[in-house]
A.B. asks: 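I'd like to ask some things about the structure below.
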Amino acid sequence: MDFNVKKLASDAGVFFTRAVQFTGEKFGQVEKTELDAHFENLLSRADSTKNWTEKIFRQTEVLLQPNPSARIEEFLYEKLDRTVPSRPNNGELLGHYMQDAAKDFGPGTPYGSTLIKVGDCERRLGGAQREFLQTSAISFLAPLRNFLEGDWRTISKERRLLENRRLDLDSSKARLKKAKLAESKASQSKNVCLPCDVIRMCVSLPLSCCPAAFQLWSEEVDKAAHELRVAQTEFDRQAEVTRLLLEGISSTHVNHLRCLHEFVEAQTAYYKQCYLHMQDLQKELGRFPNAFAGNPGLSMASGGSSPQGNATLPQDAASAVETDTLKIEEVQAPATGTRKAKVLYDYDAADTSELSLLADELITVYTVPGMDSDWLVGERGNQKGRVPVTYLELLS
């Protein structure tokens with residue numbers, strides 16, 4: 001117990017000395033040991049690295065998980081060292097709803113069959129997103145978090161310790177300076193010869209006024225010089241440790257650069273996969289027969305009697321049916337009305353009446369009487385065939 005009390009008193013004294021030194025520095029009343037320019041640059045670079053890494057980390061979390069409630073939930077599970085329960089994401093949930101709706105509307109209907117195909121694509125997009133989030137969390141977010149919660153905390157701890165060692169060093173310098181000043185004053189009266197009883201009376205006088213005080217201040221100077229040497233050694237040792245940690249920031253940049261490349265690769269793979277899924281879906285939908293051609297006739301029939309299976313189709317619907325039997329090789333380009341079109345995506349012809357397309361190529365397109373509005377006739381040199389409008393960008 002006695003040891004603890006002494007240690008507590010010693011720590012309190014050190015804290016008070018540092019506080020006095022720190023306050024004096026703020027008011028410009030005492031000298032302060034300045035770090036060299038290289039060390040200051042290392043400190044500035046480390047602070048900048050920490051600040052920007054923290055901002056990038058937080059914003060990447062928002063990008064990958066825009067829902068703040070979900071981020072808080074993941075944070076709590078992580079702190080409790082428990083696994084986050086698996087839940088379907090928005091894409092997977094949308095796909096599930098579409099497929100359930102198709103079962104209710106009838107998978108054999110045009111709307112129902114389209115819902116099934118789109119819903120399946122949305123579920124695949126949701127799965128690709130889930131894989132992207134997991135890859136990004138491991139390859140990019142985890143290294144940034146490890147730096148902020150591991151390396152940076154160690155650097156901050158050593159920097160605080162270095163600051164304390166610097167305050168101790170400057171306090172030792174100030175103490176030695178005061179001791180030397182008092183010794184100098186006492187040396188001016190050291191040759192004065194006084195009786196012993198007078199010397200004993202000097203205890204109640206200022207030490208600088210007593211001839212016997214010279215010896216006391218000499219001892220105080222030696223003690224202060226010894227404390228200064230110890231403080232200087234501890235400061236130099238701590239400065240070297242902190243310098244090595246700060247120089248390690250270069251290695252941190254290299255590591256984060258590698259993680260950034262992996263994050264970009266994960267994004268590229270994710271968006272490429274999404275593009276391929278949507279391209280496949282667009283091809284499937286582009287090959288569907290036009291379900292809208294007969295709708296105007298059906299809606300017109302609803303005004304009177306219900307439509308019958310042998311009812312006469314409107315002229316537009318009849319023309320659309322005739323398109324299936326249209327012979328492409330007999331179609332001639334009109335004198336006017338042809339346009340240039342840029343192909344947006346690759347397209348593989350389903351049969352001999354269609355024309356295969358390559359992305360970014362230019363073709364000549366036009367329409368003919370009786371052709372479905374979702375299709376045009378395309379020509380490329382001596383080749384000719386039907387092409388889906390959704391794969392083209394018509395140029396003026």
Side-chain angles (χ1 to χ4, degrees), residues 45-75 77-79 81 83-96 117-155 247-284 342-348 357-361 391 393:
R45 189 184 186 199
D47 290 335
S48 179
T49 300
K50 182 262 181 182
N51 293 334
W52 285 114
T53 300
E54 194 170 38
K55 290 181 179 180
I56 293 173
F57 175 79
R58 300 303 178 196
Q59 192 58 37
T60 304
E61 280 189 324
V62 174
L63 173 66
L64 299 181
Q65 179 51 269
N67 189 343
S69 300
R71 293 201 303 272
I72 294 175
E73 182 185 32
E74 293 175 358
F75 175 78
Y77 273 101
E78 180 183 352
K79 292 303 179 183
D81 197 18
T83 304
V84 181
S86 178
R87 298 187 180 91
N89 56 31
N90 294 330
E92 293 170 332
L93 200 59
L94 175 60
H96 179 71
K117 294 182 179 296
V118 176
D120 180 65
C121 180
E122 292 295 337
R123 295 182 67 174
R124 282 183 286 157
L125 290 175
Q129 183 186 26
R130 181 183 299 275
E131 182 179 354
F132 165 63
L133 295 181
Q134 292 175 349
T135 303
S136 300
I138 295 174
S139 63
F140 189 61
L141 283 182
L144 298 185
R145 182 187 294 109
N146 292 338
F147 168 74
L148 294 173
E149 297 181 356
D151 296 346
W152 181 252
R153 288 186 178 180
T154 302
I155 292 175
E247 290 176 347
I249 292 293
S250 298
S251 300
T252 300
H253 285 188
V254 173
N255 182 39
H256 288 181
L257 175 61
R258 177 183 58 81
C259 296
L260 184 60
H261 278 281
E262 294 179 0
F263 178 62
V264 172
E265 291 176 1
Q267 276 189 310
T268 303
Y270 167 62
Y271 290 121
K272 180 179 180 181
Q273 195 172 6
C274 292
Y275 171 75
L276 293 177
H277 288 327
M278 295 306 299
Q279 191 177 38
D280 292 340
L281 175 63
Q282 192 176 39
K283 287 181 179 180
E284 288 190 68
K342 179 182 178 181
V343 179
L344 300 177
Y345 319 104
D346 293 343
Y347 178 74
D348 297 327
L357 303 174
L358 295 176
D360 297 328
E361 70 173 334
Y391 281 64
E393 177 187 354

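FYI, side chains are in, hydrogens and waters are out, and symmetry mates aren't considered; it's all heavy atoms of this structure.
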A.B. asks: With a 6.0 Å cut-off (strictly less than), is the heavy-atom count around NE2 of His96, excluding the residue itself, greater than 12?
C.D. replies: no
A.B. asks: How far apart are the C-alpha atoms of Arg153 and Glu149, what are their side-chain angles, what is the distance that settles it, and do they pass the salt bridge (Lys or Arg N to Asp or Glu O under 4.0 Å) test?
C.D. replies: CA-CA 6 Å; Arg153 288 186 178 180; Glu149 297 181 356; 5.3 Å; no
A.B. asks: Under 4.5 Å between any side-chain heavy atoms of Thr49 and His253, yes or no?
C.D. replies: yes
A.B. asks: Working to the nearest 0.5 Å, report the span between CD of Glu122 and NZ of Lys117.
C.D. replies: 14.5 Å
A.B. asks: Could you grab the distance from atom CD of Gln282 to atom OH of Tyr347, nearest 0.5 Å is fine?
C.D. replies: 10.5 Å
A.B. asks: His256 and Pro143: which non-hydrogen atoms are nearest, and at how many Å?
C.D. replies: NE2-O, 4.0 Å
A.B. asks: How would you list, by chain and number, every residue that makes a side chain to side chain donor-acceptor pair (under 3.5 Å) with Glu92, sequence neighbours excluded?
C.D. replies: Arg130
A.B. asks: Could you walk me through whether Lys283 and Tyr391 pass the side-chain contact (heavy atoms from CB on, under 4.5 Å) check?
C.D. replies: CA-CA 9 Å; Lys283 287 181 179 180; Tyr391 281 64; 2.4 Å; yes
A.B. asks: For Asn255, check side chain to side chain donor-acceptor pair (under 3.5 Å) against everything at least two apart and list the hits.
C.D. replies: Arg258
A.B. asks: Fit a plane to each ring of Tyr271 and Phe132, take the angle between them on a 0 to 90° scale, and name the class: parallel (under 30°), tilted (30 to 60°) or perpendicular (over 60°).
C.D. replies: tilted
A.B. asks: How far does CG of Leu94 sit from CG of Asn90, to the nearest 0.5 angstrom?
C.D. replies: 8.5 Å
A.B. asks: Check whether any side-chain heavy atom of Cys274 lies under 4.5 Å from a side-chain heavy atom of His277, and answer yes or no.
C.D. replies: no
A.B. asks: Measuring from Asp280:CG to Tyr275:OH, what's the distance to the nearest 0.5 Å?
C.D. replies: 10.0 Å
A.B. asks: Mind checking the CG-CG spacing from Leu281 to Leu125? Nearest 0.5 Å is all I need.
C.D. replies: 8.5 Å
A.B. asks: Going by heavy atoms in the side chains, are Leu64 and Leu141 under 4.5 Å from each other?
C.D. replies: yes
A.B. asks: Got a second to check how far Arg145's CZ is from Phe57's CZ, nearest 0.5 Å?
C.D. replies: 4.0 Å
A.B. asks: Can you see which heavy atom on Asp346 is nearest to which on Ala359, and at what distance?
C.D. replies: OD1-N, 2.6 Å
A.B. asks: Indicate yes or no: at least one non-hydrogen side-chain atom of Val62 is less than 4.5 angstrom from one of Gln59.
C.D. replies: yes
A.B. asks: Determine the interplanar angle of the Trp152 and Phe147 rings, folded into 0 to 90°, and report it as parallel if under 30°, tilted if 30 to 60°, perpendicular if over 60°.
C.D. replies: tilted
A.B. asks: Given Leu133 and Asn89, is the side-chain contact (heavy atoms from CB on, under 4.5 Å) satisfied, shown in steps?
C.D. replies: CA-CA 11 Å; Leu133 295 181; Asn89 56 31; 5.8 Å; no
A.B. asks: What's the shortest heavy-atom distance between Arg123 and Gly95, and which atoms?
C.D. replies: CG-CA, 3.6 Å
A.B. asks: Any side-chain heavy atom of Gln279 within less than 4.5 Å of one from Leu276?
C.D. replies: yes
A.B. asks: Within the structure provided, determine whether Arg124 and Asp120 are in side-chain contact (heavy-atom separation under 4.5 Å).
C.D. replies: yes
